[in-house]
Protein chains: 2
Amino acid sequence: MKHDLHNDRFLLYKCIMEQTPHILVIDDDREIRDLLSKFLERNQMRVTSARDGREARRVWSQGHYHLVVLDLMLPGESGLDIARWLRSQTNIPIIMLTAMGDDTDRIIGLELGADDYVAKPFNPRELLARIRAVLRRATETQEQGNGEVREIVFAGWTLEIARRRLLNPAGVEVPLTGGEYDLLLALLERANRVLTRDMLLDLLRGRQAGPFDRAIDVAVSRLRRKLEDDGRNAQLIKTVRGGGYVLAADVERR
Amino acid sequence: MKHDLHNDRFLLYKCIMEQTPHILVIDDDREIRDLLSKFLERNQMRVTSARDGREARRVWSQGHYHLVVLDLMLPGESGLDIARWLRSQTNIPIIMLTAMGDDTDRIIGLELGADDYVAKPFNPRELLARIRAVLRRATETQEQGNGEVREIVFAGWTLEIARRRLLNPAGVEVPLTGGEYDLLLALLERANRVLTRDMLLDLLRGRQAGPFDRAIDVAVSRLRRKLEDDGRNAQLIKTVRGGGYVLAADVERR
DNA sequence: GGTCGTTGTGCAGATCGTGTTTCATTCCGT
DNA sequence: ACGGAATGAAACACGATCTGCACAACGACC
């Protein structure tokens with residue numbers, strides 16, 4: 001599912017800026033808890049797990065969570081009870097793990113206020129997708145009027161975050177590829193600080209630089225052309241020989 | 001995020017200042033009433049329900065509502081009668097629940113001034129999305145002074161909400177299928193923001209994308225053709241490679 | 001049961017983005 | 001100056017992604 005690559009990047013960015021989402025997994029099966037921890041953590045989420053209601057409540061009181069993954073079938077206290085208890089505390093999003101893909105379960109789950117449910121046995125990737133969808137819905141509705149950064153202005157240019165596009169000083173759109181946008185954003189966010197190729201590569205692609213890796217150079221070159229910033233006597237993106245690149249300009253966040 | 005104290009206070013504040021939307025659900029099926037109450041309430045809405053016209057009128061006179069969800073098929077007094085009666089009282093937004101594919105009902109309902117309709121059996125999330133959309137339209141224009149949004153104008157085209165139809169710049173109707181209308185509305189409502197396929201699928205069908213899901217692509221393609229917006233150099237619906245689609249145009253709500 | 005309209009899937013081809021290669025140019029220490 | 005290392009930029013190549021078409025599936029309506 002390559003097509004949500006940019007969304008992944010966006011999530012990554014948000015994680016760094018705000019806080020990576022923190023998931024509470026409640027399941028009695030140790031294997032599942034471990035599997036989920038590993039898997040979700042590999043996908044930029046923090047995970048805490050609990051084996052039953054008692055542990056869940058204890059853990060709950062000690063941390064802040066963004067979403068709960070809850071097994072409906074627990075020994076002792078039922079998952080439904082835990083859901084009810086959670087609901088009495090907050091309106092945190094809940095994803096239920098149910099036994100059968102039965103519609104009855106779904107209705108019950110939704111009545112109790114689950115935001116989604118996943119049938120067991122489940123595919124971790126599917127659960128991840130649903131977690132993301134639920135988190136997205138949760139944040140989308142709340143950050144309507146929120147004072148987020150909408151655009152970044154520098155040297156007459158404007159980068160619109162929501163639309164992922166760049167306007168030149170005359171206000172005309174200059175089309176950027178995904179990679180170019182990411183690079184520019186990375187530079188702007190650390191304006192006036194030198195970024196090594198390693199850092200940029202790690203930031204943008206999450207990989208290490210090979211021995212003769214010119215990827216960043218080329219990306220910078222292409223971005224410079226679009227910014228009408230000639231490479232030899234570049235004004236905006238200055239190269240630091242043996243060091244990396246700096247975006248040299250006053251930036252204003254709005 | 002939602003569950004922390006700060007945000008709870010904020011929500012509380014919002015509730016008091018703006019009033020959480022108050023929904024009146026009119027349906028004879030007890031299960032549906034309960035399901036909707038639970039589901040909507042945990043999505044920050046107040047819900048009152050009535051099982052028939054008599055109860056609806058009684059409840060109506062005792063409270064103040066922002067939107068009505070109305071089942072068309074009621075025993076005794078028809079849903080259409082209730083809609084007519086509601087219309088004689090106010091211009092409160094109405095969302096109709098219709099039996100699957102009953103086109104006649106749909107037409108009548110829309111002519112009576114329903115703001116949207118949802119086919120039964122429905123996905124609660126889809127209904128929620130539509131409720132939010134209708135409420136958003138209603139309040140947005142209220143703030144601008146005059147009444148409800150009747151149509152959305154963009155790049156010369158006009159989308160008539162009440163009649164669910166599209167007029168080209170010359171004023172001629174271009175017939176849209178249900179899915180095409182929904183897609184266009186979803187794009188218009190978030191104009192100039194990138195929507196991933198996941199989001200669109202979630203918004204339109206309440207489901208998540210499979211690994212080779214081409215549904216959205218095709219839908220966009222077909223919509224583009226009707227909008228005379230050639231795929232390769234599309235002006236209205238731009239594709240964001242690896243990201244999704246954006247409707248790029250100034251939109252005016254009336 | 002047949003037909004039509006709508007929506008999803010598979011496939012082939014076109015397009016676009018990005019890394020690599022290559023070579024010219026610049027920088028800097030010697 | 002000279003030469004090696006670093007950088008800029010054009011050309012190329014490959015893969016990922018998008019589009020359009022044809023067809024299949026599905027349900028509604030007659």
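So you know, we letter chains A, B, ... as the sequences are listed, proteins then strands, and number each from 1.
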Which letter, B, S or -, goes with each nucleotide of nucleotides 5-13 of chain C from 5' to 3', with contact meaning a protein heavy atom under 4.0 Å?
-> -SBBBBB--
What is the distance from CG of A:Leu204 to P of C:dG17, rounded to the nearest Å?
-> 16 Å
Whole-Å distance, B:Asp229 CG to D:dG20 P, equals 10 Å
Within the structure shown, what part of the strands sits under 4.0 Å from B:Tyr245 by heavy-atom distance: base, sugar-phosphate, or nothing?
-> sugar-phosphate
Residue-phosphate contact under 4.0 Å: A:Ser221 side-chain N/O, D:dA9 OP1/OP2 | yes
Is there a donor-acceptor contact under 3.5 Å from the side chain of B:Arg190 to the main chain of B:Ala186?
-> yes
Between atom CG in A:Leu183 and atom C1' in C:dG17, what is the gap in whole Å?
-> 14 Å
Would you state whether a donor and an acceptor, one from the side chain of A:Arg241 and one from the base of D:dT7, lie under 3.5 Å apart?
-> no
Indicate the atoms forming the closest heavy-atom contact of A:Val251 with A:Ala191, along with that distance.
-> CG1-CB, 3.8 Å
Here the distance between atom C1' of D:dA9 and atom CD of A:Glu228, to the nearest Å, is 18 Å
Is A:Asp213 paired with A:Arg207 through a side-chain N to carboxylate O contact shorter than 4.0 Å?
-> yes
Just list the side-chain donor-acceptor pairs under 3.5 Å for residues 171-180 of chain B, sequence neighbours left out, or say none.
from, atom 1, to, atom 2, distance (Å)
B:Glu173, OE1, B:Arg165, NH1, 3.0
B:Thr177, OG1, B:Glu180, N, 3.3
B:Thr177, OG1, B:Glu180, OE1, 3.4
B:Glu180, OE1, B:Thr177, N, 2.9
B:Glu180, OE1, B:Lys226, NZ, 2.8

Rounded distance (nearest 0.5 Å) linking atom CG of A:Leu188 with atom CZ of A:Phe154 = 5.0 Å
Here the distance between atom P of D:dT19 and atom CG of B:Leu223, to the nearest Å, is 12 Å
Integer-rounded Å distance: D:dT19 C1' and B:Asp230 CG | 10 Å
What's the CG-P distance between A:Asp182 and C:dG19, to the nearest Å?
-> 11 Å
Can you check the B:Asp217 CG to D:dC21 C1' distance for me, whole Å?
-> 14 Å
Of all residues at least two apart in sequence or in a different chain, which pass the side-chain hydrogen bond (donor to acceptor under 3.5 Å, both in side chains) check with A:Arg241?
-> none
Is A:Asp182 salt-bridged to A:Arg205, going by a charged N under 4.0 Å from an acidic O?
-> no
